[in-house]
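Working notes for the structure below.
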Amino acid sequence: MTDAVRSVSPSTEPLAPGALNSPARVLTASLVGTTIEFFDFYVYATAAVLVFPTLFFPNSDPMTAMLASFATFSIAFFARPMGAVVFGHFGDRIGRKATLVAALLTMGVSTVVIGLLPTYAQIGVYAPLLLALCRFGQGFGLGGEWGGAVLLATENAPEGKRNWYAMFPQLGAPVGLFLSSGIFWLLLHVVSKDDLLAWGWRVPFLASTLLIAIGLWVRFSISETPAFRKAMEAHERVEVPVAEIFGKYKRSLFLGTFVALVTFVLFYIGTAWLLSYNIKVLQMPFLDALEIQIMSAVVFGIFIPLTAKIGDKIGRRKALIGITIAIAAFSFLLPVLLTSGEVGVAVFAAGSMALMGMTYALIGAALSAPFPTNVRYTGASLTFNFAGIVGASLAPYIATWLQATYGMAYVGYYLGLAAAITLVCIVASRKGEV
């Protein structure tokens, strides 16, 4: 036991058998929570393409307004590591359950406030500044959500089913994407484009209030994970988890960040950037562009459980190597498919999200694997969110700029480079690091 480890509170009583979380309760709580968090996150991404350039950056030309909107989109990714440190600290010190509730509230309140914001026409430059502040709050909350949800699942997983259990919080991403795209799709069927810009865009953000209530009810129904209870009973909690991570687990943190790099680049090219490309460059109707995104969310969700089973059978590291090579190969098809009309775009959307489902199914278990229980919340959260900075924060911005400046082939090179870096880091990892 290190000097940083000490007994910090009275011993917790052992879990009574009836207090154990059932598999259904664990998996429901991890899935529902991440679904709500990712719904909130992706509602912003969709609005950043459909309405924010007009409402919050109206004095710019269309391309500059889109880039400015994507710049506010990226703020959340820089906030996420801060949320990972804060929520990870309390998640490793006081428990997974209470911390997950706090993360959900932080994310949810930030999302609802976005739906209440005045626009540029009403308060001028303060509107985008307030939007950026709320986006920071979204990122801060999500920074603490993901790691806790994955640990809620994996720390309750029976032997041999770690990848399968870790898959459930990952399913929150495609379900959240489906719901966020779907609600805008429904809005466009009942309101005009002018009404969407006038008031309709607020509905998805305000609807998050109901989802928050559901999420809190589910989260309060669970008890603490057995692994964390054992750590408390053994007085193994660490005084400053983030210091322990940077002191002892720098290699795992670095490798994990870049192991997840291509996962983030692929996702945000296949969603936020593709949506903007379809609408702004191909001049595709809003509804058609959203239908492609809804279809791709379904494909994304299908491939997560399929791959989780394979990961448990052949090994996570071997599966991730094969999937990363497949993404690298797919990057060469990107410019061909995206310059082949709507059919090519739909094939690209489905292909990118199939590959995304494969890599995302395993990344949760991979990023939490190197860290012991007493710093796992902090370690897994930091790794995931650092990957978000390097892989996702500027991906829509970079892809938009590359396509406009150098052509579509360079967007493919960008994805291929990310896959190559990830592959090197997976191969460089030791047993237990991925």
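Any value given below was found using the heavy atoms of this structure, including those in side chains, with hydrogens, waters and symmetry copies removed.
- Here Glu342 pairs with nothing under the side chain to side chain donor-acceptor pair (under 3.5 Å) rule; sequence neighbours left out.
- Among residues two or more places apart in sequence or in another chain, the side chain to side chain contact (heavy atoms under 4.5 Å, CB included) test is passed with Leu402 by Ile398, Tyr406, Tyr410, Val411, Tyr414.
- The distance from the OG1 atom of Thr46 to the CZ atom of Phe39 is 9.0 Å, given to the nearest 0.5 Å.
- For Ser352, the side chain to side chain donor-acceptor pair (under 3.5 Å) criterion is met by no residue, not counting sequence neighbours.
- Scanning for side chain to side chain contact (heavy atoms under 4.5 Å, CB included) contacts around Leu133 gives an empty result, with sequence neighbours left out.
- Partners of Val109 under the side chain to side chain contact (heavy atoms under 4.5 Å, CB included) rule, at least two apart in sequence or in another chain, are Val113.
- With sequence neighbours excluded, no residue forms a ring-ring contact (aromatic ring centres under 6.0 Å, His included) with Tyr377.
- For the atom pair Leu274 CG and Leu282 CG, the distance stands at 8.5 Å (nearest 0.5 Å).
- Taking the centre of each ring, Phe332 and Tyr413 stay at or above the 6.0 Å mark.
- Phe77 and Phe386 have their aromatic ring centers separated by at least 6.0 angstrom.
- Between Glu145 and Thr34, the side chains place no donor N or O within less than 3.5 Å of an acceptor N or O (distance only, hydrogens not considered).
- Closest approach of Ser381 and Asn385 over heavy atoms only: O-ND2, 2.7 Å.
- No donor-acceptor pair under 3.5 Å is formed between the side chain of Asp92 and the backbone N or O of Pro241.
- The closest donor-acceptor contact from the side chain of Arg376 to the backbone of Phe371 lies under 3.5 Å.
- Ala289 meets the side chain to side chain contact (heavy atoms under 4.5 Å, CB included) test with Leu275, Asn278, Ile279, Met284; sequence neighbours excluded.
- Without hydrogens or angle criteria, Lys250 side chain to Phe246 main chain gives a donor-acceptor distance under 3.5 Å.
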Which side-chain N or O atoms in residues 174-183 pair as donor and acceptor under 3.5 Å with protein atoms at least two apart or in another chain?
from   : atom 1 : to     : atom 2 : distance (Å)
Ser180 : OG     : Gly176 : O      : 3.0
Ser180 : OG     : Leu177 : O      : 3.0
Ser181 : OG     : Leu177 : O      : 3.0
Ser181 : OG     : Gln293 : NE2    : 3.0

May I have the step-by-step check of side-chain contact (heavy atoms from CB on, under 4.5 Å) for Lys193 and Phe286, ending in yes or no? CA-CA 9 Å; Lys193 186 177 178 180; Phe286 279 11; 3.8 Å; yes
Decide yes or no on side-chain contact (heavy atoms from CB on, under 4.5 Å) for Leu337 and Phe330, but give the supporting numbers first. CA-CA 10 Å; Leu337 293 172; Phe330 185 73; 4.2 Å; yes
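- Residues Ile123 and Pro118 come closest through the heavy atom pair CD1-CG, 3.3 Å.
- In terms of modelled atom types and a separation under 3.5 Å, the side chain of Ser192 and the main chain of Asp195 share a donor-acceptor contact.
- Applying the ring pair (Phe, Tyr, Trp, His ring centres under 6.0 Å) test to residues at least two apart or on different chains, none of the pairs has a partner in residues 90-130.
- Of the possible polar contacts, none joining the Ser69 side chain to the Ala65 backbone as a donor-acceptor pair under 3.5 Å is found.
- Considering OG of Ser296 and CZ of Phe348, their distance stands at 10.0 Å, rounded to 0.5 Å.
- A donor-acceptor pair under 3.5 Å is absent between the side-chain atoms of Tyr397 and the main chain of Ala68, judged by distance alone.
- Counting only distance, with no hydrogens or angles, the side chain of Thr378 and the backbone of Gly88 share a donor-acceptor pair below 3.5 Å.
- Nearest heavy-atom pair across Leu117 and Arg202 is O-NH1, 2.7 Å.
- When all heavy atoms of Ala260 and Ala387 are compared, the pair lying nearest together is CB-CB, 3.6 Å.
- The nearest pair of heavy atoms linking Pro204 to Gly200 is CD-O, 3.5 Å.
- Atom-to-atom distance recorded for Tyr249:OH and Thr383:OG1 is 12.0 Å, nearest 0.5 angstrom.
- Leu261 CG to Ile421 CD1: the interatomic distance, rounded to the nearest 0.5 Å, is 5.5 Å.
- Looking at residues two or more places apart in sequence or on another chain, you find a side chain to side chain donor-acceptor pair (under 3.5 Å) between Thr263 and Thr359.
- Aromatic ring centres of Phe78 and Phe136: separated by at least 6.0 Å.
- In this structure, the separation between CD1 on Ile292 and OG1 on Thr271 is 13.5 Å, given to the nearest 0.5 Å.
- A donor-acceptor pair under 3.5 Å is formed between the side chain of Ser276 and the backbone N or O of Trp273.
- Thr422 places a side-chain N or O within 3.5 Å of a backbone atom of Val262 that can act as its donor or acceptor partner.
- Looking at Thr106, its side chain never comes within 3.5 Å of a backbone N or O of Gly141 through a donor-acceptor pair.
- Residues that satisfy the side chain to side chain donor-acceptor pair (under 3.5 Å) test with Thr400, not counting sequence neighbours, are absent from this structure.
- Closest non-hydrogen pair, Ala47 versus Pro53, comes out as O-CD, 4.2 Å.
- Here Tyr360 pairs with Phe300 under the ring-ring contact (aromatic ring centres under 6.0 Å, His included) rule; sequence neighbours left out.
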